[in-house]
Every structure is written in structure tokens, then in C-alpha cells.
Amino acid sequence: DQQVKQNSPSLSVQEGRISILNCDYTNSMFDYFLWYKKYPAEGPTFLISISSIKDKNEDGRFTVFLNKSAKHLSLHIVPSQPGDSAVYFCAASVISDYKLSFGAGTTVTVRA
Amino acid sequence: DTAVSQTPKYLVTQMGNDKSIKCEQNLGHDTMYWYKQDSKKFLKIMFSYNNKELIINETVPNRFSPKSPDKAHLNLHINSLELGDSAVYFCASSQTHGQQYFGPGTRLTVT
């Protein structure tokens with residue numbers, strides 16, 4: 001039973017343009033959300049997070065938006081760079097819990 | 001300096017064998033985890049230890065047994081390996097709830 005869903009398995013974007021990755025969740029108890037980036041043959045690395053008390057968090061080129069009523073979050077990457085080509089995982093947890101639930105990932109390809 | 005390391009990186013073995021994967025973290029974190037990434041690319045939590053105490057034990061076959069000799073190490077032992085155990089196994093650690101730091105993964109292939 002997947003509680004975190006990334007319905008777009010892949011995304012192709014031109015260098016310099018915006019990448020928008022989407023994530024939906026079903027568990028209304030989730031109150032902390034994270035995005036991880038993964039290169040081939042490496043482990044996921046933390047990118048950015050947001051708690052449910054906020055609706056936006058920004059870190060450089062990366063911004064995460066949270067819509068609690070829709071149980072939806074998105075990651076914006078502006079501008080997209082070739083090094084951003086990777087798999088992006090959305091994850092969610094209840095902050096009092098150690099368990100992270102992951103989506104299936106979205107493969108981003110940035111074209112030159 | 002590698003924060004979370006796993007050995008081996010690749011493991012090819014035959015059905016029925018017993019194997020172990022080792023994980024070490026030098027971040028001083030109290031909590032460590034094992035995840036399985038299957039062929040559909042989902043990352044699923046298997047186990048978690050906090051200060052050597054098992055705190056998460058998801059529904060996995062009891063052929064899988066984690067062992068934490070100290071809070072910097074969490075090993076995964078798998079008995080009687082099956083074809084369906086083929087996957088990438090990731091170790092992770094965290095200091096508190098939330099952000100976890102992942103190792104590079106161990107690709108296990110059972111033939």
C-alpha cells in the first residue's frame with residue numbers, strides 16, 4: 001500500500017528552464033516531507049524538506065511547495081542544470097516516527 | 001570521509017546461501033536503518049535500530065536478521081537466499097527523526 005506516490009516516472013527539461021516534480025500522499029498523519037536526489041550507483045542524498053506548518057521552503061535553486069488540503073507537494077528546480085539529471089524521490093513521515101515512506105521516484109533528464 | 005559506508009558494494013551468490021552486508025556510519029548518529037530497493041525502484045524500510053535497540057521491524061521474512069554490535073554499525077544477515085531477494089540494499093542513519101543519510105547501496109544478485 002503506497003502512501004506516497006510520484007505519478008510521473010520521468011521528466012525531460014531543457015537546461016535553464018524550470019523542472020516541476022509532483023508528489024501525492026494519502027496518509028493525513030504525515031507532517032514532514034523530504035526530497036532526495038539519487039545518481040546511479042549511489043545512495044539517495046537529502047535535498048530539501050518541509051514541515052506541515054509551512055507551505056513553502058526554499059533553498060537556492062530548489063523550492064518545495066506543500067498543499068496539505070490536497071495532500072500534494074511539489075519540487076521546483078530553477079534554473080535546471082545538467083547536473084540535476086538524476087532520480088528524485090519524495091518521502092514523508094510523521095515527525096515523531098523514524099520511518100520514512102518513499103515514492104517510486106521521478107527520473108529527471110536535463111537537455112543541453 | 002565516507003559518512004555511511006556499506007560492504008560489499010556488489011554481491012553475487014547462489015540460492016540457498018547465507019550472506020551478510022555490513023554498514024558503518026561515522027556521523028555519531030543514534031539511529032540506523034536498512035532499506036530494500038526492489039526492481040520497481042521503491043525504497044522500503046526493513047529495520048531500524050536506535051542505540052542498539054530495534055525500533056522498526058517491518059514485515060520481512062525472518063530469514064533477514066539485523067544485528068547492531070554498537071550504534072555505529074548495523075549489519076544485515078540473510079539466510080537461505082532466494083531469487084526474490086535480489087535487490088539493492090541501502091543502509092542509512094539519522095540523529096533524530098526526519099533527515100536520513102544513506103550509504104551507497106549493496107547490489108545483491110541471487111542466481
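Remember, it's a predicted structure, so these values are computed and weren't measured experimentally.
With a 4.5 Å cut-off on side-chain heavy atoms, A:Y36 and B:F102 count as touching. With a 4.5 Å cut-off on side-chain heavy atoms, A:K38 and B:K41 do not count as touching.
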Test side-chain contact (heavy atoms from CB on, under 4.5 Å) on A:L100 and B:Y33 and set out the steps.
CA-CA 10 Å; A:L100 287 181; B:Y33 311 79; over 6 Å; no

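By the neighbour-count criterion of 12 heavy atoms within 6.0 Å, atom CZ of A:R17 is sparsely surrounded, having that number or fewer from other residues, nucleotides or ligands. Counting heavy-atom neighbours within 6.0 Å of B:E53 CD, excluding the residue itself, gives a total of 12 or less. Counting heavy-atom neighbours within 6.0 Å of B:K9 NZ, excluding the residue itself, gives a total above 12. Within 6.0 Å of the NZ atom in A:K68, the count of heavy atoms belonging to other residues, nucleotides or ligands exceeds 12.
Without hydrogens or angle criteria, B:Q99 side chain to A:S49 main chain gives no donor-acceptor distance under 3.5 Å.
Looking at A:Y98, the atoms closer than 4.5 Å to chain B (heavy atoms on both sides) sit in the backbone and in the side chain alike. For A:S96, the part lying under 4.5 angstrom from a heavy atom of chain B is the backbone only.
A:G43 approaches B:F90 most closely through the heavy-atom pair CA-CE2, 3.5 Å.
Of the residues considered (A:A104, A:G105, A:A91), A:A104 shows the highest number of contacts with chain B, using heavy-atom pairs under 4.5 Å. Interface remark: of the candidates B:R107, B:E58, B:Q6, B:E58 forms the most heavy-atom pairs closer than 4.5 Å to chain A. Per-residue counts of heavy-atom pairs under 4.5 Å with chain B were compared for A:S51, A:S101, A:G103, A:P44; the largest is that of A:P44.
Within residues 42-52 of chain B, the residues having any heavy atom less than 4.5 Å from a heavy atom of chain A are, in residue-number order, B:F42, B:L43, B:K44, B:I45, B:N50.
Each of A:L47 and A:F102 belongs to its own hydrophobic cluster when Ile, Leu, Val, Met, Phe, Trp and Tyr are linked at side-chain heavy-atom distances under 4.5 angstrom. Hydrophobic clustering of Ile, Leu, Val, Met, Phe, Trp and Tyr side chains at less than 4.5 Å, counting indirect connections, keeps A:W35 apart from A:V87. In this structure, A:I20 is not a member of the same hydrophobic cluster as A:Y88, with clusters built from ILVMFWY side-chain heavy atoms closer than 4.5 Å. Hydrophobic clustering keeps A:Y32 apart from A:I50 (ILVMFWY residues linked when any side-chain heavy atoms are closer than 4.5 Å, directly or through intermediates). If you chain together hydrophobic residues whose side chains sit under 4.5 Å apart, B:L83 and B:I21 fall into the same group.
Here B:Y101 is tied into one hydrophobic group with B:V4, B:L27, each link being a pair of ILVMFWY side chains closer than 4.5 Å.
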